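Here's the structure we're looking at; comments come further down.
The shown structure was predicted, so the numbers you read here are calculated from the model rather than taken from an experiment. Order of listing sets the numbers, starting from 1, for every ligand and every atom in it.
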Amino acid sequence: MGPLISTHDLTKTFDGHEVVNKCSIQVNQGEIYGFLGVNGAGKTTVLKLMLGLLRPTAGSVEILGHDVTADRLAIAASIGSIIEVPIFYEHLSAYENLSIHLAYLGITDTSTIEGTLSRVGLPNTGTQKVSQFSLGMRQRLGIARAMIHKPRIMLLDEPINGLDPVAIRDMRELLLSLAKDDGITIIISSHILTEIERIADRVGVIANGTIIEEFSMSSMERNHPEGMEDYVINLMSGKAR
Ligand SMILES: Nc1ncnc2c1ncn2[C@@H]1O[C@H](COP(=O)(O)OP(=O)(O)OP(=O)(O)O)[C@@H](O)[C@H]1O
């Protein structure tokens with residue numbers, strides 16, 4: 001089987017500025033792909049292009065064999081995502097938010113909601129409104145929404161931002177389980193290099209909208225047993241390795 005996600009020379013220009021520039025990425029079934037880059041490198045824009053939320057200026061995105069630009073709806077139910085800060089119905093509970101999301105996707109079976117809330121560490125939130133949730137609770141609900149419909153792919157833009165150490169560990173274990181037990185293919189962007197190091201199978205580093213380096217975590221561990229921090233920071237800052 002070929003890659004589940006592939007971009008070919010993906011390019012996006014805003015107001016004459018090339019924000020994504022001939023970006024080509026391939027991600028295989030069940031892989032966790034860590035997506036790294038400094039602020040403004042183009043990570044969120046690439047993820048939005050993958051989701052069909054933006055149209056490429058040039059190049060293409062293929063997901064599960066579908067050209068996303070031509071056929072976004074064909075893949076909508078197969079992808080779960082968190083892009084930027086998740087937006088919810090603030091006056092409703094976690095359960096109600098997930099129930100609306102399932103209805104939006106045309107899924108009538110709501111029996112998965114309680115189990116999903118437990119799996120992300122949000123059991124017993126009952127009728128508590130989302131407006132009363134902490135940042136960490138919102139991130140957990142964001143993950144719940146991204147996984148509730150059992151997608152084959154999850155695109156997660158900085159999902160561990162602002163989480164406490166317990167929540168970061170919970171998130172790590174959850175993402176590993178989603179990939180290894182459920183076979184979900186995950187792209188995760190983060191600035192927390194040590195977390196990416198712990199969960200990713202492969203890493204791509206983007207600078208000025210272009211992938212400047214890709215490596216497997218196993219080769220990184222072999223070649224840099226001290227960890228990837230120095231290596232990646234040197235790459236990001238344009239220094240020679
Ligand atoms: N809608 C837009 N219009 C104009 N410029 C945009 C738009 N969206 C993003 N950009 C610009 O594109 C560049 C890349 O932004 P993007 O959000 O993809 O970076 P990022 O790697 O996700 O950064 P961060 O780590 O800060 O989230 C930035 O210079 C940003 O200002």
Side-chain angles (χ1 to χ4, degrees), residues 5-27 31-63 68-69 72 75 79-88 135-136 138-143 145-146 153-163 167-168 171-172 175 185-200 202-215 217 227-239:
I5 304 170
S6 57
T7 71
H8 306 280
D9 288 343
L10 194 60
T11 299
K12 181 69 185 174
T13 305
F14 288 120
D15 310 322
H17 287 285
E18 218 155 62
V19 163
V20 175
N21 181 11
K22 295 201 169 144
C23 178
S24 296
I25 297 176
Q26 264 96 45
V27 185
E31 245 187 344
I32 300 184
Y33 184 91
F35 197 22
L36 305 180
V38 296
N39 293 133
K43 302 178 296 296
T44 303
T45 307
V46 168
L47 294 175
K48 284 183 177 170
L49 288 162
M50 285 177 174
L51 283 165
L53 298 175
L54 290 172
R55 283 182 80 84
T57 308
S60 61
V61 179
E62 209 174 283
I63 291 191
V68 172
T69 311
R72 177 165 116 80
I75 49 135
I79 303 188
S81 65
I82 299 184
I83 299 293
E84 296 172 329
V85 183
I87 308 287
F88 302 106
L135 174 65
R138 284 168 178 276
Q139 296 283 60
R140 287 170 190 258
L141 183 55
I143 287 283
R145 187 170 61 188
I153 291 170
M154 290 173 78
L155 303 182
L156 306 174
D157 192 14
E158 300 185 27
I160 48 184
N161 231 2
L163 294 184
I168 288 181
M171 188 71 84
R172 181 194 314 143
L175 295 181
T185 304
I186 298 175
I187 300 184
I188 173 173
S189 83
S190 178
H191 295 299
I192 306 177
L193 300 182
T194 48
E195 276 310 308
I196 293 297
E197 210 157 34
R198 292 173 88 153
I199 61 171
R202 220 148 48 82
V203 166
V205 181
I206 185 169
N208 300 317
T210 303
I211 296 290
I212 54 168
E213 179 85 359
E214 279 187 309
F215 53 82
M217 273 318 302
M228 71 175 178
E229 184 181 58
D230 285 348
Y231 182 85
V232 167
I233 289 178
N234 280 341
L235 272 175
M236 285 175 173
S237 52
K239 289 187 195 142

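Atoms of ligand 1 found under 4.0 Å from any heavy atom of Lys43, numbered from 1 in the order shown, are 18 (O), 19 (O), 20 (P), 21 (O), 22 (O), 23 (O), 24 (P), 25 (O).
With Lys48 as the partner, the side chain to side chain contact (heavy atoms under 4.5 Å, CB included) test is satisfied by one option alone out of Leu51, Thr44, Thr45: Thr44. Of the candidates Ile233, Leu235, Val232, Val232 is the only one forming a side chain to side chain contact (heavy atoms under 4.5 Å, CB included) with Leu36.
Among protein heavy atoms, the minimum distance from atom 22 (O) of ligand 1 is reached at Thr44 OG1, 2.7 Å. In this structure, atom 1 (N) of ligand 1 lies nearest to the protein heavy atom Phe14 CE2, 3.6 Å. The nearest protein atom to atom 15 (O) of ligand 1, hydrogens excluded, is given as Thr45 OG1, 3.8 Å; this is a heavy-atom distance. Scanning the protein for heavy atoms near atom 26 (O) of ligand 1, the closest one is Asn39 ND2, 3.0 Å. Nearest protein neighbour of atom 14 (C) of ligand 1, counting heavy atoms only, is Gly40 O, 3.3 Å.
Proximity of Leu54 to Leu49: side-chain heavy atoms (C-beta onward) are separated by under 4.5 Å at one or more points. Proximity of Glu229 to Glu197: side-chain heavy atoms (C-beta onward) are nowhere separated by under 4.5 Å. Side chains of Leu141 and Pro86 form no contact here, defined as non-hydrogen atoms less than 4.5 Å apart.
Within the 4.0 Å heavy-atom shell around ligand 1 one does not find Glu84. Within the structure, ligand 1 has His191 among the residues with a heavy atom less than 4.0 angstrom away.
Proximity of atom 30 (C) of ligand 1 to the protein is not indicated, since no non-hydrogen protein atom lies closer than 4.0 angstrom.
Considering every non-hydrogen atom in both Leu155 and Met50, the closest pair reads CD1-CB, 3.8 Å.
Not one N or O of Gly37 is nearer than 3.5 Å to an N or O of ligand 1, by distance alone.
Of all the heavy atoms of Glu158, the ones lying under 4.0 Å from any atom of ligand 1 belong exclusively to the side chain. By the criterion of a heavy-atom distance under 4.0 Å, the backbone of Val38, and not its side chain, is placed next to ligand 1. If you look at Val19 next to ligand 1, the close heavy atoms, those under 4.0 Å, all belong to the side chain.
Atom CZ of Arg55 has 12 or fewer neighbouring heavy atoms from other residues, nucleotides or ligands inside a 6.0 Å radius.
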